[in-house]
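Inspection log for the structure reproduced underneath, given as structure tokens.
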Amino acid sequence: MTIAECFIFVKERTCSSAGDDIWRYEMRFLDQEISPIGMGCWPIGGPMFAGNETVGYANSDDVESVRTIHAALASGITLFDTAPAYGAGRAERLLARALKGRPDALIATKIGVAIDEESKQLLGNEEGPGTVGTAIEASLTRLGRDRIDLLLLHLNSLSVARAEAIFDEVERARIAGNVGAYGWSTDFSVNLSCVAERPGFAAVEHAMNVLLDAPRMQGIVDEYNLNALIRSPLAMGLLSGKYNAQSTMPDTDIRSTSNPRTNYFKDAAGNPEYLQRLDAVRDLLTTGRRSLVQGAVGWLWARGQTNIPIPGIRTVEQLEDIAEALSFGPLPASVMGEIETVIERSPAEAIDRAR
């Protein structure tokens, strides 16, 4: 089994009071058995800025964030996806506090974006290979660890040539023991295929959800036997069902901006185009007494055996709803087929672009 190889299987967990069997889904990831879902830590980072533009989430609270991380561990979720950019270092430091004494917890963090912790500013891209060592050391310090389990390049559309130079340095760090494995947070399948066979390359992180499929990327994931960490699995919260065309996001929230990755929201409210797609599949996602969120996660598991959704989670309440998806598992094949008959997908969405 290679470092990137994993599989999902069904394991009996307990028996319900009603006498029904309850099942739990697990998988192999980085030579460790985990629940096939991770906690995305962008929301707990709170405010951060690129110049005057807000690129963080509103309403984060450090005490609640630590409680949420602990609730994730209690539910069997042991993978945490973060980045220096999330709150300009704040999310990494919160993980260090909450995961102290839990070496079994896996952390995926990233390189490629310079930060200033005091001003909470993202200072720009770090594309030179000479920045890799310093960036790794800074993350290790913030995380309070001596090794990063999975290190991802956080530059979505970087050229392959520039990425290769960075990965050469990351490979040296892996050999030195500072990095367990590495990958790329990118939505460009051709670029991924050019680096997927590197010896320590284990995973890609890309955007996908039931409202926005990524068939080309999933094809490369299958071809090269990679793990796929799925960002935006809940369409930045739209798939929670809590937002509509009349909802108004606060101006301190990235979903109120015109950032391209916020297409799920338009003019600080739910985008009518995506809300229409959601309405078309709502009943199918909630099959088998699932919540909408649990159905959205189940769609991703059914879509690919190596998919690991990493929804952004800010509160214990959100965590508990998402974690319960583990007791349902993937959506049935019949439901997956029905979804494709009722949802309208644009051919243009299959084209690679940064999301």
Side-chain angles (χ1 to χ4, degrees), residues 1-14 21-41 69 72-82 95 99 102-110 145 147-152 170-171 174-175 177-185 192-193 195-206 208 214 217-231 233 294 297-311 313 319 322-331 333 336:
M1 181 177 291
T2 67
I3 193 170
E5 192 173 7
C6 75
F7 56 91
I8 292 180
F9 62 94
V10 184
K11 181 179 181 181
E12 189 172 0
R13 182 176 65 175
T14 184
D21 288 335
I22 296 178
W23 303 85
R24 187 175 186 86
Y25 284 78
E26 297 181 346
M27 72 186 303
R28 195 79 179 165
F29 178 65
L30 300 182
D31 293 328
Q32 186 169 318
E33 191 176 292
I34 68 166
S35 298
I37 193 167
M39 176 175 167
C41 296
I69 295 166
L73 293 170
S75 72
I77 294 173
T78 55
L79 172 62
F80 299 86
D81 177 81
T82 188
L95 283 175
L99 297 179
R102 291 297 303 261
D104 58 312
L106 297 173
I107 298 177
T109 193
K110 304 176 183 74
R145 294 200 164 197
R147 189 182 81 153
I148 294 169
D149 298 300
L150 178 66
L151 185 67
L152 299 167
V170 175
E171 175 63 15
R174 186 181 73 89
I175 293 171
N178 294 328
V179 172
Y182 58 94
W184 196 346
S185 180
L192 175 64
S193 67
V195 299
E197 293 186 295
R198 297 182 65 96
F201 200 98
V204 62
E205 183 172 304
H206 72 88
M208 185 172 72
M217 186 62 78
Q218 288 282 286
I220 298 299
V221 167
D222 290 342
E223 180 180 349
Y224 291 96
N225 192 32
L226 298 172
N227 288 118
L229 277 62
I230 307 298
R231 49 182 157 81
Q294 292 156 10
V297 171
W299 182 87
L300 289 165
W301 285 333
R303 185 68 178 80
Q305 282 194 334
T306 62
N307 288 340
I308 307 175
I310 47 168
I313 302 173
L319 183 282
I322 291 167
E324 188 60 25
L326 292 165
S327 66
F328 289 102
L331 287 177
M336 293 291 288

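Because only heavy atoms are used, hydrogens play no part in the values below, and waters and symmetry mates are left out as well, while side chains stay in. Note that the structure is a prediction, hence the values are computed from the model and not measured.
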Roughly how far, to the nearest 0.5 Å, is the CD1 atom of I310 from the CD1 atom of I37? 10.0 Å
Run the side chain to side chain contact (heavy atoms under 4.5 Å, CB included) test on E33 and R28 for me, step by step, so that the C-alpha distance in whole Å, both residues' side-chain angles and the decisive distance to 0.1 Å come before the verdict. CA-CA 5 Å; E33 191 176 292; R28 195 79 179 165; 4.0 Å; yes
Return the set of residues passing ring-ring contact (aromatic ring centres under 6.0 Å, His included) with W184 (not counting sequence neighbours), or none when no residue passes. F167
Minimal non-hydrogen separation, R145 against A105, with atom names: NH1-O, 2.9 Å
How far does CG of L106 sit from CG of L150, to the nearest 0.5 angstrom? 9.0 Å
Output all residues satisfying salt bridge (charged side-chain N to carboxylate O under 4.0 Å, His left out) with R198, sequence neighbours left out; order by chain, then residue number. E164, D168
Where L229 and A203 come nearest, the two heavy atoms and their spacing: CD1-CB, 4.1 Å
Return the minimal non-hydrogen interatomic distance between A302 and M336, and the atom names on each side. CB-SD, 3.6 Å
Working to the nearest 0.5 angstrom, can you tell me the gap between T78 OG1 and R102 CZ? 8.0 Å
For residues A196 and Y224, report the shortest heavy-atom separation together with the two atoms involved. CB-CG, 3.6 Å
Quick one: pull up CD1 in I107 and CD1 in I148 and give me the separation to the nearest 0.5 Å. 9.0 Å
Distance (rounded to the nearest 0.5 Å) between D149 CG and L30 CG: 7.0 Å
Nearest heavy-atom contact between M27 and Q305 is CE-O, 3.9 Å
With sequence neighbours excluded, residues passing side-chain hydrogen bond (donor to acceptor under 3.5 Å, both in side chains) with S185: R231
Between the side chain of S35 and the main-chain N/O of G76, is any donor-acceptor distance below 3.5 Å? yes
Measuring only between side-chain heavy atoms, which start at C-beta, is P36 closer than 4.5 Å to L326? yes
Quick one: side-chain contact (heavy atoms from CB on, under 4.5 Å) partners of A325, sequence neighbours excluded? Q294, V297, W301
Could you go step by step and tell me if Q218 and N307 meet the side-chain hydrogen bond (donor to acceptor under 3.5 Å, both in side chains) rule? CA-CA 9 Å; Q218 288 282 286; N307 288 340; 3.0 Å; yes
Are side-chain heavy atoms of L95 and I69 found at a separation under 4.5 Å? yes
Output for pair (I230 CD1, W299 CH2), nearest 0.5 Å, gives 8.5 Å
My understanding is that only residues two or more places apart in sequence, or in another chain, count here; which of them pass side-chain hydrogen bond (donor to acceptor under 3.5 Å, both in side chains) with T82? none
Could you work out, with side-chain contact (heavy atoms from CB on, under 4.5 Å) as the rule, every residue matching A72, not counting sequence neighbours? M39, I77, F80, L319
What are the two closest heavy atoms between R174 and A181, and how far apart are they? CD-CA, 4.4 Å
